[in-house]
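The structure presented is a predicted model; accordingly, all values stated were derived computationally and were not measured. Counting starts at 1 for both ligands and their atoms, following the listed order.
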Amino acid sequence: MQDDKQPVQTNFIRKIIESDLDNNPNFPEIITRFPPEPNGYLHIGHAKSICLNFGLAKEFGGLCNLRFDDTNPEKENTEYVESIKQDVKWLGYDWEDRLYFASDYFQKLYDFAVELIKHDKAYVDGLSGEEIHEYRGTLTEPGKNSPWRNREIQENLDLFERMRNGEFDEGSYVLRAKIDMRSPNINMRDPVLYRIRKAAHHRTGDKWKIYPMYDYAHCLSDALEYITHSVCTLEFEDHRALYDWIIDNLQTPSRPYQYEFARLNLDYTVLSKRKLISLVNEGFVNGWDDPRMPTISGFRRRGFTSSSIRKFCEVIGVTKNDTRIDPVVIETVLRDELGETTQRRMAVLDPLKVVIENYPDTTEQLEAMNHPQKPEMGTRKIPFSKTVYIEKDDFMEDAPKKFFRLSPGREVRLKYAYLITCTDVIKNDQGEIIELRCNYDPDSRGGNSPDGRKVKGTIHWVAEDGAVEAEVRLFDRMFTSAMPDKEEDWRADFNDDSKQINNTSLLEPSLKTADKAERFQFERLGYFCADSVDHSSESPVFNRIVTLRDTWAKVSKAR
Ligand code: ATP
Ligand code: MG
């Protein structure tokens, strides 16, 4: 990885690990894990967890496992497994040979459950789901015991085995921990550990008819993998007591501890898998990797670098307070990086034809710098001819004094080319400007003023000769409100203008050989990348990754 500098700030989890190591010379090797459920694609929130878990392991010379928490067969599949592996790798992290699945532990988890039953710490309950809910009580009222709570151990063992063998219907029985129905923590009121599910699992097929609950499977998977610090998001804080109870009541190979941090929330988007699935399935976007999506694959296709995402995760920090982050933060990190690393190119998105009347009928090759501050990035040739195209909004017929671009009688610099003066404006029958006539100063080659006269404006252009036609996709915020999640009908705030397809663009010839996913700065327009799926040299397709400056603030105020 290129950006392995010292962390910009410390965080409370790092401090916990430091103090564990300081206080115990025999503290085992630090092992963390990233535990996604394969029920959707990873999003930028997951990146925060990935960077934290893999980052801590690396920093303390330890290991981080990738573990699929695959205990819900109905919602999970191998497409998600593969996409998650690809995304973690792309982010720059390596689980080496430590790719695990909770489903690999199903037999061990079952054996642990039998242990709990034998120690009278778990029982098979015959209450229905609704009754269990009713018996659980509320935050202010204690729950009450199930009539099946005091079943004989032998009978529990027998029923649990028959649950496993598929003898009972879904919902007829569950295995519950025997803890305390009066506990102030509802998670401790005899939580369900296993339920019957007759669904095929993407890895274990029809072998299992019962599946462990997340709270039960997770802590034991941690213990089986010798995880030292099990880092998760704050919604699991109230589950920690159950985590500890399960570990403390079983003979596990190791004793992991759980720590919680605040999840990432990003403005103008949604980060719940359920909602992201709806956006895909209901056709709001073109798949999980639609460049508007806050998924890792969406960011990748849009043209974000993995280093900018890692840097973003470092910048936002890790705390216990729920915060919302403006996407400007990640865009700024990206801009700073791309400003340094990308080569400059010329492209015109909304072309206006300019005929330079005193220019001969030839094409010459002019030299342009690939990066204005970095001569070491070299130069390239761009053709210049009698007809060039400029951006429509770089011309104004009745321009105010402060308009430093082109207007009748005024002079402007075509970057790396010549100074030109507009002599005539040609309109169609509807009165729309369709062409400009200009003269150029032959002594201003390279865009230099030959006699020291001041020419304030510099604009970009593409010569007709060799111009490459392209489709350019312009993306904007996916939602018009900062917190669509908070709205009752979150879909209503979907930004219908979030994707615009531009088919008028002209690019300088060198862009014809751009590789898929290659990034550039288009002078004065922003950062763009050749689409990793649809781009080819025959029909180029570029995505705008981000504009040169934050334009959203202006747009959203005007709404
Ligand atoms: P969702 O709530 O979107 O369905 P999830 O939390 O159920 O996501 P998991 O696959 O269980 O998704 O998440 C894997 C890990 O990523 C968990 O440890 C979870 O805490 C963490 N994680 C998920 N969302 C975020 C987020 N927004 N910010 C930080 N970490 C997150
Ligand atoms: Mg989860």
J.: Any side-chain heavy atom of His218 sitting closer than 4.5 Å to one from His239?
T.: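 Result no, sub-4.5 Å side-chain heavy-atom pair not found.
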J.: Would you check whether Phe34 has a nitrogen or oxygen atom less than 3.5 angstrom from a nitrogen or oxygen atom of ligand 1?
T.: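 Between Phe34 and ligand 1 (N or O atoms, distance only) the closest approach is not under 3.5 Å.
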J.: Would you check if Asp290 and Met478 make a side-chain contact, meaning some heavy-atom pair closer than 4.5 Å?
T.: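 Asp290 vs Met478: side chains apart.
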J.: Mark up the atoms of ligand 1 that fall under 4.0 Å of a heavy atom belonging to Thr233, in ascending order.
T.: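 So the atoms of ligand 1 that pass are 19 (C), 20 (O), 29 (C), 30 (N), 31 (C).
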J.: So for ligand 1, is Gly45 a polar contact partner (N or O within less than 3.5 Å, distance only)?
T.: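 Yes, there is a polar N/O contact under 3.5 Å.
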J.: Just jot down the ligand 1 atoms closer than 4.0 angstrom to any heavy atom of His46, in number order.
T.: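 Atoms satisfying the 4.0 Å criterion: 8 (O), 9 (P), 10 (O), 12 (O), 13 (O), 14 (C), 16 (O), 22 (N), 23 (C).
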J.: Have Ser128 and Glu130 got a donor and an acceptor in their side chains that come within less than 3.5 Å?
T.: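 Checked: Ser128/Glu130 side chains show no N/O donor-acceptor pair below 3.5 Å.
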J.: Quick one: which of Glu235, Lys275, Arg263 has a heavy atom closest to atom 24 (N) of ligand 1?
T.: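 Of the listed residues, Arg263 has the closest heavy atom.
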J.: Please check whether Asn39 reaches ligand 1 - meaning an N/O of the residue sits under 3.5 Å from an N/O of the ligand, judged on distance alone.
T.: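 It does not: no N or O of Asn39 is found under 3.5 Å from an N or O of ligand 1.
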J.: Find all atoms of ligand 1 within a distance of less than 4.0 Å from any non-hydrogen atom belonging to His43, and give their numbers and elements.
T.: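 Reading through ligand 1 atom by atom, the close ones are 3 (O), 24 (N), 27 (N).
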J.: Quick check on contacts: which atoms of ligand 1 are under 4.0 angstrom from a heavy atom of Ser49?
T.: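 Going through ligand 1 atom by atom, the ones under 4.0 Å from Ser49 are 16 (O), 21 (C), 30 (N).
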J.: Number the atoms of ligand 1 from 1 as they appear, then name those within less than 4.0 Å of a heavy atom of Ser272, with their elements.
T.: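 Every atom of ligand 1 under 4.0 Å from some heavy atom of Ser272: 3 (O).
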J.: Considering Arg274, Glu260, Lys273 one by one, which has a heavy atom nearer to atom 3 (O) of ligand 1 than any of the others?
T.: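 That would be Lys273.
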J.: Do any nitrogen or oxygen atoms of Lys48 come within less than 3.5 Å of a nitrogen or oxygen of ligand 1?
T.: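 Not met; the criterion fails.
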J.: Could you pull out all residues at least two apart from Arg164 that satisfy salt bridge (charged side-chain N to carboxylate O under 4.0 Å, His left out)?
T.: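 Residues passing salt bridge (charged side-chain N to carboxylate O under 4.0 Å, His left out) with Arg164: none at all.
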J.: Quick check, are the ring centers of Phe284 and Phe494 under 6.0 angstrom apart?
T.: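 Centroid separation for Phe284 and Phe494: below 6.0 Å.
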J.: With the side chain counted from C-beta on, respond yes when Tyr41 and Glu79 share a heavy-atom pair under 4.5 Å apart, and no when they do not.
T.: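 They are in contact (side-chain heavy atoms under 4.5 Å apart), so the answer is yes.
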J.: Using a 4.0 Å cutoff against the non-hydrogen atoms of Leu271, which atoms of ligand 1 qualify?
T.: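 Result: 3 (O).
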J.: Have a look at Asn65 and tell me which of Glu225, Glu96, Arg33 forms a side-chain hydrogen bond (donor to acceptor under 3.5 Å, both in side chains) with it.
T.: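 With Asn65 as partner, side-chain hydrogen bond (donor to acceptor under 3.5 Å, both in side chains) holds for just one option, Glu225.
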J.: If the test is side-chain hydrogen bond (donor to acceptor under 3.5 Å, both in side chains), which one of Asp485, Asp267, Asn265 qualifies with Arg324?
T.: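 Passing option: Asp267.
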